[in-house]
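First the structure, in the form of structure tokens, and then the observations on it.
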There are 2 protein chains.
Amino acid sequence: DSLTQIQYDTVYNVFSLVIASQLFTSIFIIISLKRVLPRYRQAMTVAAIVCAIAAYHYFRIFDSFKAAFVTEAIGGAGNYVQVAGESFNEGYRYVDWLLTVPLLLLELIAVLALARKVQTSLLYRLIPASALMIILGYPGELSGDNGVRGIFGLLSTIPFAYILYVLFIELTKSLDRQPRSVRRTISQLRLLLLLTWGVYPIAYLLPMLGIDGSDAWVGKQIGYSVADILAKALYGLIIYRIARMKSFADD
Amino acid sequence: DSLTQIQYDTVYNVFSLVIASQLFTSIFIIISLKRVLPRYRQAMTVAAIVCAIAAYHYFRIFDSFKAAFVTEAIGGAGNYVQVAGESFNEGYRYVDWLLTVPLLLLELIAVLALARKVQTSLLYRLIPASALMIILGYPGELSGDNGVRGIFGLLSTIPFAYILYVLFIELTKSLDRQPRSVRRTISQLRLLLLLTWGVYPIAYLLPMLGIDGSDAWVGKQIGYSVADILAKALYGLIIYRIARMKSFADD
Ligand SMILES: CC1=C(/C=C/C(C)=C/C=C/C(C)=C/C=O)C(C)(C)CCC1
Ligand SMILES: CC1=C(/C=C/C(C)=C/C=C/C(C)=C/C=O)C(C)(C)CCC1
């Protein structure tokens with residue numbers, strides 16, 4: 001497969017955008033830690049760590065991309081082809097998600113500051129389901145075969161549906177115990193979660209839709225990247241906002 | 001295109017000047033955070049993050065520049081030409097602006113400490129307009145064609161004009177609620193914003209003015225770089241000054 005210069009530059013700059021977004025959101029949240037009550041600092045710390053983990057993986061994804069695609073044109077103004085002896089390692093994403101997806105769920109539960117029992121029960125169900133979702137997606141992503149991609153995608157969708165069920169049906173019951181002003185922001189957060197997490201399976205499907213190989217590949221990279229910014233950095237900033245509001249409400 | 005040694009060294013040192021300015025302004029502001037009242041620390045934190053994001057991107061711009069232009073002359077005393085397989089990535093600037101321009105507007109609104117409602121309404125108008133301005137400029141900047149450059153430049157000027165309108169007409173109404181001593185500094189800040197933000201479209205125009213290719217390119221790099229120092233670092237320091245003055249006035 002080969003990429004045009006525009007495709008190459010677009011992927012390059014989108015990866016760079018993700019690095020900057022995750023890295024500086026993480027630093028911002030760490031600097032702002034003291035601005036919320038101690039009981040919400042756990043959620044904020046997890047949010048900062050999630051963004052830091054993502055920044056790290058995108059440094060690696062960026063380097064992997066630069067090493068895997070090369071051109072011989074002067075000023076880089078030509079087609080980029082895959083080099084001998086180097087692959088673009090899509091696996092970094094799955095390693096990243098395996099760590100960050102459970103942490104994102106933990107963040108959400110932690111900032112709600114529910115009763116201990118409810119928290120534990122939610123986490124015992126959400127965290128294994130999210131790990132299973134990522135692990136089942138991995139063999140499909142790495143396989144060049146669209147049949148294998150489809151089967152593992154389908155299997156991975158089962159725990160995905162279960163997670164959404166728990167978040168939307170079970171969590172709703174605890175929402176009315178939250179301060180009024182906070183309830184709306186939490187609903188927004190959950191909506192953001194639904195919308196951004198929904199992007200991942202769509203990006204995963206792109207190579208199966210009969211779109212031209214390199215267009216599908218570029219679309220998938222942009223899809224995963226933008227979803228990662230929204231699902232981690234923007235999500236972390238909303239967690240901060242909720243923690244600030246609850247800090248005022250509790251005071 | 002090729003650069004003379006003087007052109008190469010000038011761009012090289014200007015990039016280095018930007019890195020140092022942004023990095024140490026960021027550190028200075030973080031160290032000074034405790035010298036203002038808590039309610040102004042949000043604006044200061046954002047100012048520090050903006051400078052840090054810029055420092056990061058200029059490290060990358062600098063490396064991209066070094067990789068893209070080379071000479072074979074002993075001691076570097078000769079012309080620098082574009083190398084095979086590497087481009088100077090102008091895209092970093094747009095990635096940087098996409099993150100920092102909304103944050104600069106946020107800084108300004110945050111330090112004013114207006115009523116919540118006015119704040120929200122201003123941000124809902126300014127932030128999407130600023131993102132649109134940058135996104136529309138990007139395809140024009142990357143295109144080698146002056147016609148495309150012109151069209152996207154023109155499109156990008158529409159949200160630019162809207163931003164200036166909101167800042168100068170709408171914001172003026174809230175100025176009289178600020179302490180007297182502060183009012184003058186805020187007017188200065190806004191003037192700085194107008195003068196420095198005006199440099200960007202001018203630098204963008206340079207390659208279209210029939211100036212010799214490499215002169216126009218060098219002028220554009222210097223224009224963007226100097227504007228970035230004024231619009232982020234100097235601006236952040238003025239934000240700090242306003243926060244200090246308001247901290248005294250509120251006490
Ligand atoms: C359903 C489904 C998937 C879902 C992935 C999700 C939902 C990932 C979420 C990642 C997040 C939130 C990362 C950011 O931190 C896969 C694995 C693509 C495989 C295809 C089926
Ligand atoms: C109007 C216009 C532009 C305006 C750019 C501006 C106003 C950028 C401001 C950047 C700042 C303030 C960065 C520092 O943080 C472009 C995109 C060059 C394209 C041509 C038309």
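Below, chains carry the letters A, B, ... as their sequence lines are ordered, and counting in each starts from 1.
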- Closest non-hydrogen atom pair between B:D228 and B:R93, with its separation: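 Between these two residues, the closest heavy atoms are OD2-NH1, 3.8 Å.
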For [X], which atoms come within 4.5 Å of any heavy atom of chain A: side chain, backbone, both, or neither?
X      : value
B:A52  : both
B:Y138 : side chain
B:I53  : both

- Engaged part of A:L17 at the chain B interface, taking heavy atoms whose separation is under 4.5 Å: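 For A:L17, the contact with chain B is made by backbone and side chain together.
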- Heavy-atom contact with chain B under 4.5 Å, split by part of A:T25: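 For A:T25, there is no contact with chain B at all, as no heavy atom is under 4.5 Å.
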- Query: chain B contacts: which residues in residues 234-247 of chain A have a non-hydrogen atom closer than 4.5 Å to it?
  - Reply: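 Within residues 234-247 of chain A, the residues under 4.5 Å from chain B are A:Y240.
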- Query: Does A:S16 use its side chain to pair, donor to acceptor, with the backbone of A:Y12 at less than 3.5 Å?
  - Reply: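 No, A:S16 side chain to A:Y12 backbone: no donor-acceptor pair under 3.5 Å.
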- Message: I'd like to know if the side chain of A:T4 reaches the main chain of A:N79, judged simply by a donor and an acceptor atom lying under 3.5 Å from each other, with no hydrogens or angles considered.
- Response: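 Not confirmed, A:T4 side chain does not pair with A:N79 backbone.
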- Item | With B:S121, the side chain to side chain donor-acceptor pair (under 3.5 Å) member among B:Q119, B:R125, B:K117 |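 So, applying the side chain to side chain donor-acceptor pair (under 3.5 Å) to B:S121 and each of B:Q119, B:R125, B:K117, only B:R125 qualifies.
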- Query: Side chains of A:R35 and A:Y40: do they bring a donor and an acceptor to under 3.5 Å?
  - Reply: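 There is no such pair between these side chains.
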- Can you list the residues that meet the salt bridge (charged side-chain N to carboxylate O under 4.0 Å, His left out) rule with B:R39, with sequence neighbours excluded?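 By the salt bridge (charged side-chain N to carboxylate O under 4.0 Å, His left out) rule, B:R39 matches B:D250.
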- side-chain contact (heavy atoms from CB on, under 4.5 Å) assessment of A:Y58 paired with A:L23: CA-CA 10 Å; A:Y58 271 88; A:L23 182 60; over 6 Å; no
- Message: A cation-pi test, strictly: NZ or CZ of A:R190 under 6.0 Å from the centre of the six-membered ring of A:F168 and no more than 45 degrees from its axis. Yes or no?
- Response: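 The answer is yes, since A:R190 meets both limits relative to A:F168.
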